[in-house]
Protein chains: 2
Amino acid sequence: MARTKVFNEEEVLGKAVKLFWEKGYNGTSAQDLVDRLGISRSSLYDTYGDKFRLFKRSLLQYRKEFAGSMIEMIHSSDDYEKTLVEVFEYVVTESLQEKFSKGCFMVNSSVEMAPHNPEIAEIVNGNRQDIEDALLQLIKKGQETGQFSKKHGARPLARFIFNTISGLRVTSKSGADKKVFDDIVTIALAALK
Amino acid sequence: MARTKVFNEEEVLGKAVKLFWEKGYNGTSAQDLVDRLGISRSSLYDTYGDKFRLFKRSLLQYRKEFAGSMIEMIHSSDDYEKTLVEVFEYVVTESLQEKFSKGCFMVNSSVEMAPHNPEIAEIVNGNRQDIEDALLQLIKKGQETGQFSKKHGARPLARFIFNTISGLRVTSKSGADKKVFDDIVTIALAALK
DNA sequence: CTTAATTTGGAATAAACATTCCGTTATCAT
DNA sequence: ATGATAACGGAATGTTTATTCCAAATTAAG
């Protein structure tokens, strides 16, 4: 029988996610990957195929993890406004961790690759659709209970909230401070009342 | 006396702006530049220095042109709400030109480079500040004339509007349709009333 | 029309790039 | 322990990268 794998495939994939998230596809070299993943070049290619396939898998992994946890957060909610505040807090807090944030891997990849690469565009659009739909459910329920006003439709509001989050992700990349984020979030939330 | 320059430096710079805007810094090779600018490799290096210096100059040129025209638009306004609508229309129209838009060169560069490169971060932040300040003047005047409500402060509103535009620029990169943009813009504008 | 200046195309360079290959090493079942 | 199997590290590959260099072409002034 053969030697068993000494590294955990999912765990190493997690390191690839962080690296691509930080430096983008074009900004990450095969050498960078070898250095950061802590496995050999040959293991890397044997396990994940080429650089682009590893990138796609990293992006899908991110989508599952991050969009997944956001969607779960939304679906398990019973105080709709509080949950929305938490979603924004989550984004803002993450943005303020380092002076120059990594932003959102989806936003980064959309900007870098979506116009030139249909596969990436599809992943990014799928993500947008998923989150928009989750927000839609949340807003609908909030409107039914009277927590949110019906001044605007739920679908437009869901798109608006998602767009606001995308904007925050961009702003975070050039190092804005908390005051800026709070101003934006306050006004975005007021649109629901 | 010597031979005279046969190409127009500013005109060729304009081609560099379009190319970097489309493909980003890492996505654009020296060969791409030679092919698109229509001048020789030696003229390119003699005139603009190295790739990074040409990139910086392209980004500054974009800032002068595009932020400049937006700021002028804002400052020459006497119907504040109409001008704001025009600003959004300008962004949306540009986004819908091609199926996959180039987005905004500032947003693209911020996402690709700002966290790793202080010089780029400074240019992007300067741009943000300029546009935010212009929006601030517009909103203040609109609030004084009663066209906009004073429910929110002018500075927070300026930040909010700028953030909304950044979001639209991201959304456009993965090919959203007009309905999505209109939903977002409608709600953003309602925040001022 | 010659001279001086300067742009030009393209060859040359050296480093970095993604990827493949291979001999060695480690781990399992027998 | 031994043999079969597969991961491993690192050298090797061939391509692409950014940049420099140079000889030939082009132009303006004398």
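All values below come from the heavy atoms of this structure, side chains included, with hydrogens, waters and symmetry mates left out. Naming: A, B, ... by sequence-line order, numbering from 1 per chain.
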Which nucleotide in [options] has an atom nearest any side-chain atom of [X]:
X      : options                  : value
D50(B) : dT19(D), dG9(D), dA18(C) : dT19(D)
D46(B) : dT19(C), dT20(D), dT8(C) : dT8(C)
K51(B) : dT8(C), dA18(D), dT19(C) : dA18(D)
S43(A) : dT19(D), dT19(C), dA7(D) : dA7(D)
R41(B) : dT19(D), dT19(C), dC8(D) : dT19(D)

Give a yes or no answer on whether the side chain of K173(A) reaches the backbone of A114(B) with a donor-acceptor pair at less than 3.5 Å.
no
Using a cut-off of 4.0 Å on non-hydrogen atoms, how would the nucleic acid contact of S42(B) be classed: base, sugar-phosphate, or nothing?
base
Counting the atoms with a prime plus P, OP1 and OP2 as sugar-phosphate, which does S40(B) contact under 4.0 Å by heavy atoms, base, sugar-phosphate, or nothing?
base
Rounded to whole angstroms, how far apart are [atom1] on [X] and [atom2] on [N]?
X      : N       : atom1 : atom2 : result
I39(B) : dG10(C) : CD1   : P     : 14 Å
N26(A) : dT17(D) : CG    : P     : 10 Å
Y48(B) : dT19(D) : OH    : P     : 16 Å
E9(A)  : dA6(D)  : CD    : C1'   : 14 Å
Y45(A) : dC8(D)  : OH    : P     : 16 Å
D35(A) : dA18(C) : CG    : C1'   : 14 Å
Q31(B) : dG10(C) : CD    : P     : 11 Å
F20(B) : dA18(D) : CZ    : C1'   : 12 Å

Rounded distance (nearest 0.5 Å) linking atom [atom1] of [X] with atom [atom2] of [Y]:
X       : Y       : atom1 : atom2 : result
T145(A) : Y80(A)  : OG1   : OH    : 6.0 Å
F55(B)  : I120(B) : CZ    : CD1   : 5.0 Å
F105(A) : N127(A) : CZ    : CG    : 11.5 Å

Specify whether W21(A) and F66(A) have parallel, tilted or perpendicular ring planes, treating 30° as the upper limit for parallel and 60° as the lower limit for perpendicular.
perpendicular
